[in-house]
Amino acid sequence: MERLTGLEITTRILQQFTPVWIGLAVILLLSVLLRKRLGLYGRLFSSPIGVAGLILVLFWVLTAIFADMIVTADHLSQVSGMKNKLPGWPVRGAEGEFYLLGGDNLARDVFSRMVMGSRVVLAIAPAATLFAFMVGITLGLPAGFYGGRLDTGLSFLANLVLAFPVILLFFLLVTPEIRATGVPLVLSGVLFLFPIIFFLLLFTSRFRERPGLLAVLVLATLILGGWAYSGLAFNADPLNVFYMDPNLLNIFVSVVFVNSPTVFRIVRGLTIDIKTRDYVAAAQTRGERPWYVMLWEVLPNARGPLIVDFCLRIGYTTILLGTLGFFGLGVTPESPDWGLTINEGRKLLQVYPHPALPPTFALMSLVLGLNLLADGLREESLKD
Amino acid sequence: MITFLIRRSGVMLLTAFCLTFIVFFLTNLEPNLEKLTKSEGNMRMTDTEVQSWLENNGYRQPLIKRYGEWLGIAPGWTRTHPETGKATGRCVKAGTAIADAPRFCGLLQGEWGKSLVFKADISGIVAEKLGHTGKLMLAVMLVMVPAALIIGVIAGMREGTKTDRSLSAFSILTTSTPEYVTGVIFIVIFSSKLVGLRWFKGTATTAMENATFENFTLPVVTLALYGVGYIARMTRASMAEVMTEQYIRTARLKGMSFGGVVVKHALRNALIAPFTVIILQIPWLLTGVVIVETLFNYKGFGWTLVQAVGNNDIELLLAVSVVAVFVVLVTQLISDIGYMFLNPRIRVN
């Protein structure tokens, strides 16, 4: 069989992404039609930068979702004779099958590994960022609102973590040895409590006057949260729905730990600014409790900068995860993680650059998309 | 002012204590100590042998005590071997009597210990590697800061124009490409056989002794590029804000040329905010330094960190961490003080 030409490779790759194109078209069409009713998200469509970012991000999200349909080969299996083969090389012994972007040093399909790698990144980065936000918000609101000793203490702790060089923290925290000592377990035990605390505070501060509804909400939070908590933090979920690989947990906790102090500082700064506004004074005059004011008056009014930072932070987390993979920290050696693939590919970069390049462009385009999206959102939210 | 400095330095010292203690704790975890024992002794040691080795070498004291010894504020341990009756101690060097040994020997006394990987005194290694990294950082700063400031000022000067849009897009692009992506792409384009340009070298090992344009360009540009976008965006935002101020309009209405206004009135005020960002970039660059030095095989500080972690060289890792933490804290202090001097609106009581 002949090797595919550049044009054939391109058309075949575009073809493989068919589910993504369809998904993109449907989402964009619906969003444009309904944009008047979609608030900030709808207004994003008047900013070309924002739309470009959104398309890039959606592309990778949809790729992660449909990864099973997109891949042309199993991302782990090694086919003999395909080692370091150039893009478009026909698979030996299989009629009509090609390694679209070539084979890597272990004779695996580069294209399929890149596609599957999007799952690794998109499973961790947004979730870790969300957890970091829960921690940052739950601690930052009272620190900014009350000030005083609480603020001094929490700010000192946050600055302590921020003064730690990120790379050093990763080298110390994401090691196989540390799992034996239980440090990640303690960290996850503490950090994973914050979402539960956040939701409990959210409901109790709002529905104090409606005990029936409050009881239902609190009970639901405790059961669902406790269930997920036991599974994720201690791997003790009785039904085995929530489970996290110890390696993954280690990475996840470290990333949350690194990100939350920055979120804390942002939330604290915003709170100090917003608490002087008239509507906060009005709520206090009405006799609302502090946590109601914080969570239902201050927080909604801080949402603009927080949403922007959320997008930026997912991008930053993606870069961090890539860095971890690049140093081989915490990921299994076979994982299709982009950072790890780049690191493996760089060893033969001068001779065979093709295994390293697809993950670099994938990582770059995802982060670029997130940064553009954040830029578009910032522009639109400033127009208020 | 003086009280502010004293308080700031006090907080800094406290932070340094906490951070070094955390590093000490994390590097002296039980599994690491066992690995250390086996590499010092032999790989087939039994568990009891490991325990007794740790006991005999002072690793079984309370963590706080050992931290104090390592720092040099607690007297070093001494111990008489139960079987041979030989007296040893932390501060006792081979061939000297226990009575002659100093009481304290830690970081503060300049006793940084010996590295297992490099088989040499750590203080010498750290100084040498810091020199290499300092050279790299200096080159990076010389490229990064002027480039970022020029891009930011030109983009922020006339907000919303095509120049602004394209420069901002460039800034976003560079902040989206971490060093391990840029580095790989650069190596492929400029030094691989495939593209065939081969303008620069893909490794910077020779640049440690003799940095030339050929072997130093790629690491410097790779490292600088990631920071350029961030500083440029800060400068642009600050410049755009200054350009809307009343005094700029007054100067323009007075009949001053646009260029004159930018240089004489806007720049000074617009560069205050980027200053802090530039100083705070130094610790931020540390991650990049580790990546770039690994990628280009430039044996500096970051490379040493990777070696120390990879080989479980606890003493070296501790020394490297202390230096890193120190650099971060000092840059934070400098950025605070500098900001205060530059910005007349901030008066710290």
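Chain naming here is simple, since letters A, B, ... match the order of the sequence lines and numbering starts at 1 in each. This one's a predicted model, so the numbers in the text were calculated from it and none came from an experiment.
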Chain B contact via A:L368 - side chain, backbone, both or neither, heavy atoms under 4.5 Å: both

Could you tell me which portion of A:V183 (side chain, backbone, both or neither) has an atom closer than 4.5 angstrom to a non-hydrogen atom of chain B? side chain

Nearest-0.5 Å distance, CE of residue A:M364 to CD1 of residue B:I185: 5.0 Å

Using side-chain heavy atoms (C-beta onward) and a distance below 4.5 Å, is A:F170 in contact with B:T287? no

Please check if atom CZ in B:F21 has more than 12 non-hydrogen atoms from other residues, nucleotides or ligands closer than 6.0 Å. yes

Using non-hydrogen atoms only, which part of B:Y226 is less than 4.5 Å away from chain A: side chain, backbone, both, or neither? side chain

Check whether A:L366 gets within reach of chain B through its side chain, its backbone, both or neither, counting any heavy atom under 4.5 Å. neither

Other residues, nucleotides, ligands: >12 heavy atoms within 6.0 Å of A:R265 CZ: no

Let me confirm one number: the CG-OG distance from A:L312 to B:S176, rounded to the nearest 0.5 Å. 9.5 Å

Among A:I167, A:L168, A:T323, exactly one meets side-chain contact (heavy atoms from CB on, under 4.5 Å) together with B:V290. Which residue is that? A:I167

Taking all non-hydrogen atoms of both residues, which atom of B:Y180 and which atom of A:I319 are closest, and how far apart? OH-O, 2.7 Å

What part of A:F327 gets within 4.5 angstrom of chain B, counting heavy atoms only: side chain, backbone, both, or neither? side chain

Heavy-atom pair count under 4.5 Å with chain A, highest-scoring of B:V327, B:L295, B:V306, B:T177: B:L295

Closest-packed option against chain A by number of heavy-atom pairs under 4.5 Å, given B:V184, B:V325, B:T175: B:V184

Can you tell me if CZ on A:F156 sees more than 12 non-hydrogen neighbours from other groups inside 6.0 Å? yes

Chain A interface, residue from B:V11, B:T15, B:T331 that has the most non-hydrogen pairs under 4.5 Å: B:T15

Going by heavy atoms in the side chains, are A:F171 and B:V320 under 4.5 Å from each other? no

Answer with side chain, backbone, both or neither: which region of B:F25 has an atom nearer than 4.5 Å to a non-hydrogen atom of chain A? side chain

Rounded to the nearest 0.5 Å, the CG atom of B:L29 sits from the OG1 atom of A:T181 at a distance of 5.0 Å

For B:F24, look at atom CZ and say whether over 12 heavy atoms of other residues, nucleotides or ligands are found less than 6.0 Å away. yes

Contact leader toward chain A among B:N32, B:T182, B:T294, B:I22, where contacts are heavy-atom pairs under 4.5 Å: B:T294

Can you confirm whether A:F326 sits close enough to B:P178 that some side-chain heavy atom of one is under 4.5 Å from a side-chain heavy atom of the other? no

Can you tell which part of B:L305 gets under 4.5 Å to a heavy atom of chain A, answering side chain, backbone, both or neither? side chain

Bottom line for A:D375: the part with an atom under 4.5 Å from chain B's heavy atoms is side chain

Which of B:E179, B:E30, B:Q332, B:R233 touches chain A most, by non-hydrogen pairs under 4.5 Å: B:R233

Chain B contact via A:S365 - which portion, at a heavy-atom distance below 4.5 Å: neither

How long is the straight-line distance from CZ of A:F164 back to OG of B:S321, given to the nearest 0.5 Å? 7.0 Å

What heavy-atom pair brings B:V328 and A:A163 nearest, and what distance separates the two atoms? CG1-O, 3.2 Å

Within a 6.0 Å radius of atom CD on A:E379, are there more than 12 heavy atoms belonging to other residues, nucleotides or ligands? yes

Enter the distance from A:L160:CG to B:L19:CG here, rounded to the nearest 0.5 Å. 4.5 Å

Heavy-atom distance under 4.5 Å to chain B: side chain of A:Y316, backbone, both or neither? side chain

Go through B:L286, B:L317, B:L173 and name the one with the most non-hydrogen pairs under 4.5 angstrom from chain A. B:L173

